[in-house]
Amino acid sequence: MKAKTKLVIAGGGTAGWLTAYSLVTRLGNLLDITLVESDQVGTVGVGEATIPTLRTFHRLIGIDEREFMAATHATFKLGIMFDNWGQRGDSYIHSFGEIGQRSWMAEFHEFWMEARAQGFGGSLDDYCLELKAAKANKFATQVGKKSLNFAYHMNATAYALYLREKSEQAGVNRVEGRIEQVINNQSGDISALIMDDGNNIYGDVFIDCTGFRGLLIGKNLDVDYEDWSHWLAADSAIAVQTEAVEAPRPYTRAIAHSAAWQWRIPLQNRVGNGIVYSSQFLSDDEARSCLMRNLSGETISEPRKLQFTTGRRKKAWQKNCIAIGLSSGFLEPLESTSIHLITTAILRLMKLFPFGSNTALLAEQFNRETKLELETIRDFIILHYHLTQRNDSPFWDHYRTMDIPESLAHRMAMFRENGYAWPDDVSLFRVDSWVQVMMGQGLTPTQYHGAGRVLPVSGLKQQMANLRKLIDNSVTSLPEHGDFIQSYCPAQNL
Ligand code: FAD
């Protein structure tokens, strides 16, 4: 029988430990896994807001929701509230829920637009259970037979520790120490990591989870980075934690300022805050004071600066090395997509795992899928910046007037002129996501599908009213978010 493949994971942040745990639980009897990390180097320690795909991923790798939430002081997330993005003073929620009822021919917003034209229908928000529950600070995993679509806010450091403990129990060998050098064989594959104590860690396959450093994929294998800062100019963030001064809200906040945006992520015991900005438009001191002015609650950690370049590694898989996490690229955290990208990279790796010696096609497929996925999410994030009427600073002028990818320009034009929206190529952001952000930031279609006129006006009116009533009744029946957490997954070790 063939010996086990020796897999070496360099780095133990969220990417490293999530990869380790997934592989050991699902392919563990074929692999001998070693993870190398350095307490001295540390992790980025941010990455606290997630999207609903993490729930499916957790189910695939056997993570119990209540146990995970208690261990990471997690709260529930039903979406993101965007303040001041379209114009100063406005606010909308991009929720994870489904809006109204679509038909196979037309989307719900098109029926709603017809209702509005007839003088009834209320707000589009009235037709989304998750959105209305978020606004009312209510939550339960399901109401009646309907499951809500939700994600989590969690403590990133506690998450990596939780995964580490489970991975070690499942057989992952952890090595503490600093990687000093990476050794290649004659064909250019990585053969070993040389540690600061002189030990060599040999492997057949190496996973680069060393974060922005990209020690293996970038520094050793010299894979270039495609810089997207002409579209997504943010290159800096400052993160700080504050005391919780109110019950945790079941949504993330993304508050735009005149030259930056700020996140607020409520956990069970504290709030994670940060400001994301571009050094082209804001100095570190200005960003820091903007963040400090806009906190609620006393700070309980020192502000920490992080620097990054938005973009992607041109090949996430090169030779016998696969980059997962920040080493493979980074889109700024506006839509909380990084941990999602870690999970899709892990799934892709599991499907395309290099068990044999002929791996070129596997690598090519992996790289092709990774590129498409990142480009799709990139367009969605650019949309938030570009689709603004704000003209109160050079920052907003830059984003409002810049050239955007052709794929996004086409999507915006289709919506503006025809009300037509469609899911993205990798099925991450559904029609409802695109519609909520486009409408939320002021892009209203000039015409739309005629399906809403097929029904008599009275029929349309009745159907819309029924939908609203159903949602209102459901929201009323839900418990407060904080109460639900206390009964479902109260935090451990606070
Ligand atoms: P890191 O956490 O940096 O881990 C790198 C690992 O490599 C560490 O264990 C380190 O010790 C090890 N290492 C490095 N060099 C060496 C060496 N020489 N020797 C030994 N070990 C080494 N994602 C989300 O999904 N949601 C969010 O809300 C979100 N917010 C973010 C906000 C900001 C400002 C930033 C920058 C990122 C955010 N992210 C978010 C992204 C998220 O933080 C990362 O995707 C996630 O933490 C994974 O990071 P990582 O494991 O790739 O890297």
Side-chain angles (χ1 to χ4, degrees), residues 8-20 34-54 57 77 80 151-157 159-161 163-164 174-182 193-197 199 201 207-220 234-240 252-254 260-265 267 272-277 287 291 303-310 313 316 323-346 377 381:
V8 177
I9 300 173
T14 302
W17 284 115
L18 204 49
T19 305
T34 298
L35 184 145
V36 182
E37 68 176 331
S38 160
D39 285 341
Q40 224 186 356
V41 177
T43 63
V44 293
V46 282
E48 306 201 312
T50 62
I51 58 174
T53 52
L54 188 62
F57 187 77
K77 173 179 171 185
I80 306 176
Y152 317 103
H153 301 123
M154 65 183 176
N155 177 322
T157 308
Y159 186 48
L161 281 172
L163 292 168
R164 169 181 160 185
R174 173 183 182 270
V175 175
E176 164 63 35
R178 186 187 267 273
I179 303 160
E180 289 288 349
Q181 217 186 321
V182 180
L193 308 179
I194 303 190
M195 305 302 295
D196 53 358
D197 61 5
N199 272 334
I201 316 257
I207 312 293
D208 187 344
C209 294
T210 60
F212 291 128
R213 290 169 194 82
L215 275 188
L216 280 56
I217 195 84
K219 292 215 168 79
N220 178 264
D235 57 11
S236 311
I238 299 174
V240 72
T252 305
R253 293 192 65 193
W261 71 270
Q262 172 190 351
W263 78 76
R264 248 184 229 168
I265 299 177
L267 304 188
N273 307 270
I275 188 160
V276 177
Y277 58 102
L291 176 64
R304 211 156 56 86
K305 170 144 191 238
L306 297 131
Q307 269 178 298
F308 51 84
T309 307
T310 53
R313 199 65 67 182
I324 296 182
L326 297 173
S327 59
S328 69
F330 183 56
L331 289 163
E332 62 143 280
L334 190 56
E335 282 282 353
S336 328
T337 40
S338 280
I339 296 172
H340 164 80
L341 288 167
I342 294 172
T343 63
T344 54
I346 294 170
I377 299 176
I381 296 176

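In listed order, ligands and their atoms are each counted from 1. These numbers come from the heavy atoms of this one structure, side chains and all, not from hydrogens, waters or symmetry mates.
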Under 3.5 Å donor-acceptor pairs involving side-chain atoms of residues 336-343, not counting sequence neighbours:
residue: Ser336; atom: OG; partner: Lys77; partner atom: NZ; Å: 2.9
residue: His340; atom: ND1; partner: Thr53; partner atom: OG1; Å: 2.7
residue: Thr343; atom: OG1; partner: His340; partner atom: O; Å: 2.6

Could you identify the single nearest non-hydrogen protein atom to [atom] and state the distance to 0.1 Å?
| atom | answer |
| --- | --- |
| atom 23 (N) of ligand 1 | Ser338 CB, 3.2 Å |
| atom 9 (O) of ligand 1 | Gly12 N, 2.8 Å |
| atom 33 (C) of ligand 1 | Val46 CG2, 3.6 Å |
| atom 21 (N) of ligand 1 | Ser38 N, 3.5 Å |
| atom 53 (O) of ligand 1 | Gly211 CA, 3.4 Å |
| atom 6 (C) of ligand 1 | Cys209 O, 3.4 Å |
| atom 29 (C) of ligand 1 | Gly47 CA, 3.2 Å |
| atom 25 (O) of ligand 1 | Ile339 N, 2.8 Å |

Should you measure from each heavy atom of [X], which atoms of ligand 1 turn up under 4.0 Å away?
| X | value |
| --- | --- |
| Arg213 | 14 (C), 15 (N) |
| Gly177 | 19 (N), 20 (C) |
| Ala49 | 24 (C), 25 (O), 26 (N), 27 (C), 28 (O) |
| Gly325 | 52 (O) |
| Thr43 | 2 (O), 8 (C), 9 (O) |
| Ala15 | 48 (C), 50 (P), 51 (O), 52 (O) |
| Glu48 | 27 (C), 28 (O) |
| Val44 | 1 (P), 2 (O), 3 (O), 43 (O), 47 (O) |

Is there a heavy atom in [X] that sits closer than 4.0 Å to ligand 1?
| X | result |
| --- | --- |
| Ala156 | no |
| Ala10 | no |
| Trp263 | yes |

Are side-chain heavy atoms of Thr210 and Lys219 found at a separation under 4.5 Å?
no
Answer with side chain, backbone, both or neither: which part of [X] has a heavy atom less than 4.0 angstrom from an atom of ligand 1?
| X | value |
| --- | --- |
| Ala237 | side chain |
| Ile342 | side chain |
| Leu215 | side chain |

Shortest heavy-atom approach to atom 32 (C) of ligand 1 - which of Pro333, Ser236, Gly45:
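Looking at heavy atoms only, the winner is Pro333.
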Counting heavy atoms only, name the option from Ile179, Thr157, Asp39 that's nearest to atom 19 (N) of ligand 1.
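Looking at heavy atoms only, the winner is Ile179.
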For Glu335, the option from Thr252, Ile377, Ile80 that meets side-chain contact (heavy atoms from CB on, under 4.5 Å):
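For Glu335, the side-chain contact (heavy atoms from CB on, under 4.5 Å) check succeeds only for Ile80.
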Strictly by side-chain hydrogen bond (donor to acceptor under 3.5 Å, both in side chains), give each pair with a member in residues 10-19 just once, sequence neighbours left out.
Trp17-Glu37
At what distance, to the nearest 0.5 angstrom, does OG1 of Thr50 lie from CE of Met154?
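Reported value, rounded in 0.5 Å steps: 6.0 Å.
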